[in-house]
Amino acid sequence: MAMTTLKELTTFHVGGPVATYILADSRSDLIAAFDSADKGEFPILMIGGGSNTLASDAPFEGIVVKDGRQQITRYESSDDTVLVTATAGTVWDEFVQWTLAEGLSGIEALSGIPGTVGAAPVQNVGAYGHEISDTLAYVDVWDRGEQCEKRLNASELDLVYRESIIKRSVREGDAQGRIWGPTGRWVVLEATFRLTISDQSAPVLYRELANRLSIEQGQSANAQRVRDTVLELRTSKGMVLDPNDHDSWSAGSFFTNPIVDAETVATLPPEAPRFDAGNGMMKTSAAWLIDHAGFTKGWAVDGARENGASLSTKHVLALTNRGDATSDEVVELALAVRAGVQEKFGITLVPEPVTVGISW
């Protein structure tokens, strides 16, 4: 029987063989996999759609587990909102589509994002001005530290830009100094969202999207129309998965938008994007920095193989596999881009994907 590889399980299409692969068909099977790994002190990776993972081509000597459950439950409510729960393995975009078919709105701007429902709260995924934190009510998790199931309200997850306590636990130790990576201490089993009963979207906050819809920023539009327009925009940028489009063989936006202090922002050219990030900090655009550091669409390191790694031909923020890239080639590209931005602007870009067997 052929060995499963992380190359098969990730949208980057890179990654080595795994020692053990488990497709969990039940909540108990999922928990049992983590219990087994933790008792045996094996590394364990929970993988959803593999759309935010960059894995080494070296063997992963541990357990990779995937939640095979795809169930959605709607709870009626007495006001104009409802709670909807989806299992962690539910494909995110299919969940979005389901909510619209049910006459619910709130997450239509997050259409086309690859991955699963369980992964979405981990890094508070977002797009076009909206984030998971806008609608997330709570998550049911397996707490690997206390070896029990828990319900964590959205407020307990400390959801900020591309961050949560779950994601931080991947790289930061607990009180006993235990590092939980490559999967965090809290394993999402189900996520519950509070959605609005309406065919009208949440306010459209992103200027490009509002322009496409011919409305003002902050106005609403038909929710299905918003979804369709978001999918068109994402497809034009290679951000919708397509096995025949190597621009989508990626982890989407590879670097997070830097959040820096006012002093650093003051050193940037006047035309550089800047947004208030709160607490005296400012957010700027990673894509703008990459572009203005001289990295063009399709850029690759000197001597790169034609079917190796390059920036997307549609969007400089995506690093892509042109057909047969190795993990080393993707890492080399990421480091080159980061070094170029650092040299030009003095800002160190932070990679967004979870890494397996790779350190920055």
Side-chain angles (χ1 to χ4, degrees), residues 6-7 9-16 18 43-48 50-62 64 115 119 122-125 160-173 177-185 249-261 264 281 283-291 293-295 299-302 304 308-312 315-321 325-360:
L6 283 165
K7 180 175 183 176
L9 299 174
T10 63
T11 57
F12 242 129
H13 300 283
V14 298
V18 301
I44 183 167
L45 171 67
M46 172 87 158
I47 198 158
S51 58
N52 195 48
T53 303
L54 175 59
S56 166
D57 290 323
F60 179 69
E61 301 296 346
V64 173
V122 175
Q123 65 163 24
N124 190 21
V125 299
V160 292
Y161 173 66
R162 301 300 178 270
E163 191 70 275
S164 70
I165 61 168
I166 302 175
K167 186 175 180 181
R168 281 198 292 276
S169 72
V170 172
R171 61 181 186 272
E172 297 177 1
R178 173 164 182 176
I179 301 294
W180 296 95
T183 291
R185 170 178 168 174
W249 288 32
S250 73
S253 299
F254 193 86
F255 297 103
T256 57
N257 289 323
I259 297 177
V260 297
D261 56 33
T264 301
M281 304 296 282
K283 183 191 293 186
T284 188
S285 165
W288 189 94
L289 295 174
I290 293 168
D291 186 28
F295 298 98
W299 187 88
V301 299
D302 289 342
S310 82
L311 296 185
S312 167
H315 198 298
V316 295
L317 193 50
L319 277 62
T320 66
N321 176 354
T326 65
S327 60
D328 286 346
E329 288 172 323
V330 176
V331 170
E332 181 184 21
L333 175 63
L335 292 176
V337 171
R338 189 166 73 165
V341 170
Q342 172 68 42
E343 180 180 2
K344 178 75 173 180
F345 297 110
I347 293 175
T348 302
L349 295 178
V350 177
E352 187 172 320
V354 172
T355 56
V356 180
I358 294 169
S359 299
W360 298 110

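Atoms considered below: every heavy atom in the structure, side chains included; atoms not considered: hydrogens, waters and symmetry mates.
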query = Would F255 and L319 satisfy side-chain contact (heavy atoms from CB on, under 4.5 Å), going step by step from the backbone distance to the final call?
reply = CA-CA 9 Å; F255 297 103; L319 277 62; 4.1 Å; yes
Qualifying residue for side chain to side chain contact (heavy atoms under 4.5 Å, CB included) with M46, from V354, V122, V64, T183 =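 It is T183, the one option of V354, V122, V64, T183 that forms the side chain to side chain contact (heavy atoms under 4.5 Å, CB included) with M46.
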inquiry  = For Q342 and T348, which I'm curious about, is there any donor-acceptor pair between the side chains at under 3.5 Å?
reply    = yes
note = Those residues at least two apart in sequence (or on a different chain) that pass salt bridge (charged side-chain N to carboxylate O under 4.0 Å, His left out) with K167 are none
message = Using side-chain contact (heavy atoms from CB on, under 4.5 Å), reason through N52 and E352 one step at a time and then give a plain yes or no.
response = CA-CA 7 Å; N52 195 48; E352 187 172 320; 4.0 Å; yes
Could you tell me whether a side-chain N or O of [X] sits under 3.5 Å from a main-chain N or O of [Y], the two making a donor and an acceptor?
| X | Y | answer |
| --- | --- | --- |
| T264 | V260 | no |
| S56 | A58 | yes |
| N321 | H13 | yes |

message = In the structure I gave you, are the side-chain heavy atoms of Y161 and K283 within less than 4.5 Å of one another anywhere?
response = yes
Heavy-atom side-chain contact between L349 and P258 under 4.5 Å = yes
task = Measure across A300 and L333 and return the closest heavy-atom pair with its distance rounded to 0.1 Å.
result = CA-CD1, 4.4 Å
side-chain hydrogen bond (donor to acceptor under 3.5 Å, both in side chains) between D57 and S327, intermediate numbers included = CA-CA 6 Å; D57 290 323; S327 60; 3.2 Å; yes
salt_bridge(R171, E163) N-O dist < 4.0 Å =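 Yes, charged N to carboxylate O under 4.0 Å.
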key: D328: side chain to side chain contact (heavy atoms under 4.5 Å, CB included) partners, not counting sequence neighbours   = T326
ask   = In terms of ring plane angle, is the pair F12 and F254 parallel, tilted or perpendicular, where the classes change at 30° and 60°?
value =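 If you compare the ring of F12 with that of F254, the planes turn out perpendicular.
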task = For the pair D261 and M281, evaluate side-chain contact (heavy atoms from CB on, under 4.5 Å) and give the outcome as yes or no after the intermediate values.
result = CA-CA 5 Å; D261 56 33; M281 304 296 282; 4.1 Å; yes
task = Just do the side-chain contact (heavy atoms from CB on, under 4.5 Å) check on S253 and L317 with the steps written out, would you?
result = CA-CA 5 Å; S253 299; L317 193 50; 3.5 Å; yes
request  = Hey, could you give me the CD1/OG1 distance between I347 and T284, rounded to the nearest 0.5 Å?
outcome  = 6.0 Å
